[in-house]
Amino acid sequence: MSKHFLNLKDLTKTEILDLVKQAIDLKGSEKNSDYLHGKYLALIFEKSSTRTRVSFEVAMSQLGGTASFLSTKDLQLGRGEPLEDTAKVISSMADGIVLRTINHSTIEIFAENSSVPIINGLSDLSHPCQLLADLTTYQEENGDIEGKAVAWIGDYNNVCHTYLEAAKILDFELRIGCPNQFLPSHLKENKNLKIFDNPNQAASGASLISTDVWVSMGDEEEIDERTKAFSKFQVTTELLDEADENVIFLHCLPAIRGQEVTSEVMEDERSKVWQQAENRLHAQKALLISLLG
Ligand code: CP
Ligand code: NVA
């Protein structure tokens, strides 16, 4: 397995499926173990977080190790210490580092200068830890994802980018329903990617519908433009009805009810968002054991 986890494509299909299986096994086992006894994980975050921070801290505690949360405002990084120097120093003491950064290049610079595994806890480009939890939830509910249709409704953002990586590696069809002006110009349809500017067409036949906020952290100045452009790209119960009869709904959270998703969908029996959020813990325990163990 690759030393770092910067993008989902750092893993092979077999490695991803093994992590999903191990996540499900860990979920069904005694929660405390000593796989990472004496290990220390540093969490360096430039942006807000609820799930990622808590799941990594609890994961390390349950695996017999420790973790600490380091806001960049409190580190010397915030006063101008170079990324390279910070990475060398922290990695000389810690056993792993999780980073949540504004720019993906910050995580790459850390990886180049770190002697221990670097894990992407979300960047502007990608959110690979989220996909480990989403794939675990899909496996629990609907079994193997290979050959299935998955609809992404809304913004082509960091989470959607990682869904596209997952589609290529695990060979499912990602059906993106997004206004054209918010799609990267290089995106081309292929066996694993279909593009629609109509959410109903994207949802048709899907066994998973996923979405995320219209305005990601860092995009706040586009709030008016985005709210207008995405207004028809809301996940509603009517949209779920267009999909496969076994469809599940996922959202990485936090969700804004009344924008990308209705309150009704969040509480619908097809919504598995709370199970998905809990699975961040189990999937990351599996990841930490394989990278730090
Ligand atoms: N889904 C997710 O990463 O949530 P947080 O921003 O709360 O960590
Ligand atoms: N796309 C969102 C995900 C938050 C977990 C963001 O980057 O803000």
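Keep in mind that what you see is a predicted model, and the values were worked out from it rather than measured. When a residue number appears, it is its place in the shown sequence, counting from 1. For ligands, and for the atoms within them, numbers begin at 1 and follow the listed sequence.
In the model, Ser91 has a side-chain atom that pairs as donor or acceptor with a side-chain atom of Ser115 under 3.5 Å. There is no side-chain donor-acceptor pair under 3.5 Å between Asn158 and Asp124.
In summary, the atoms of ligand 1 found under 4.0 Å from a heavy atom of Arg280, numbered by their order in the structure, are 1 (N), 2 (C), 3 (O). In the vicinity of Cys252, heavy-atom distances shorter than 4.0 Å reach the ligand 1 atoms 1 (N).
Cluster membership check: Val98 does not share its hydrophobic cluster with Ile118, using side-chain heavy-atom separations under 4.5 Å among Ile, Leu, Val, Met, Phe, Trp and Tyr. Residues Ile153 and Leu240 are members of one and the same hydrophobic cluster, defined by side-chain heavy-atom contacts under 4.5 angstrom among Ile, Leu, Val, Met, Phe, Trp and Tyr.
The single protein non-hydrogen atom nearest to atom 6 (O) of ligand 1 is Arg100 NH1, 2.8 Å, given as residue, atom name and distance. When hydrogens are left out, the protein atom nearest atom 7 (O) of ligand 1 is Thr50 N, 2.7 Å; that is the closest non-hydrogen contact.
Any N or O atom pair closer than 3.5 Å counts here, and Leu253 shares at least one such pair with ligand 1. Inclusion of Met217 in the set of residues having an N or O under 3.5 Å from an N or O of ligand 1 is not warranted.
Under a 4.5 Å side-chain heavy-atom cut-off, the cluster of Ile, Leu, Val, Met, Phe, Trp and Tyr residues that includes Val89 is completed by Met93.
Ligand 2 lies under 4.0 Å from heavy atoms of Leu122, Asn157, Asn158, Asp212, Ser216, Met217, Leu253.
Partners of Ser29 under the side chain to side chain contact (heavy atoms under 4.5 Å, CB included) rule, at least two apart in sequence or in another chain, do not exist in this structure.
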Contacts table for residues 130-142: side-chain donor-acceptor under 3.5 angstrom, sequence neighbours left out:
{"from": "Gln130", "atom 1": "OE1", "to": "Arg280", "atom 2": "NH1", "distance (Å)": "3.0"}
{"from": "Gln130", "atom 1": "NE2", "to": "Asp134", "atom 2": "OD1", "distance (Å)": "2.8"}
{"from": "Asp134", "atom 1": "OD1", "to": "Gln276", "atom 2": "NE2", "distance (Å)": "2.9"}
{"from": "Asp134", "atom 1": "OD2", "to": "Tyr163", "atom 2": "OH", "distance (Å)": "2.6"}
{"from": "Asp134", "atom 1": "OD2", "to": "Gln276", "atom 2": "NE2", "distance (Å)": "3.3"}
{"from": "Thr136", "atom 1": "OG1", "to": "Leu132", "atom 2": "O", "distance (Å)": "2.6"}
{"from": "Thr137", "atom 1": "OG1", "to": "Ala133", "atom 2": "O", "distance (Å)": "2.7"}
{"from": "Thr137", "atom 1": "OG1", "to": "Asn279", "atom 2": "ND2", "distance (Å)": "2.9"}
{"from": "Tyr138", "atom 1": "OH", "to": "Ser207", "atom 2": "OG", "distance (Å)": "2.6"}
{"from": "Gln139", "atom 1": "NE2", "to": "Asp144", "atom 2": "OD1", "distance (Å)": "3.2"}
{"from": "Glu140", "atom 1": "OE1", "to": "Lys27", "atom 2": "NZ", "distance (Å)": "3.3"}
{"from": "Glu140", "atom 1": "OE1", "to": "Gln275", "atom 2": "NE2", "distance (Å)": "2.9"}
{"from": "Glu140", "atom 1": "OE1", "to": "Asn279", "atom 2": "ND2", "distance (Å)": "2.9"}
{"from": "Glu140", "atom 1": "OE2", "to": "Lys27", "atom 2": "NZ", "distance (Å)": "2.8"}
{"from": "Glu141", "atom 1": "OE2", "to": "Gln275", "atom 2": "NE2", "distance (Å)": "3.1"}
{"from": "Asn142", "atom 1": "ND2", "to": "Ser207", "atom 2": "O", "distance (Å)": "3.3"}
{"from": "Asn142", "atom 1": "ND2", "to": "Asn246", "atom 2": "O", "distance (Å)": "3.1"}

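A salt bridge links Asp241 and Arg270; the closest N-O separation between the charged side-chain nitrogens and carboxylate oxygens is under 4.0 Å.
Rounded to the nearest 0.5 Å, atoms CD (Gln234) and CZ (Arg257) are 12.5 Å apart.
Nearest-heavy-atom check against atom 3 (O) of ligand 1 across Arg51, His127, Arg53 picks out His127.
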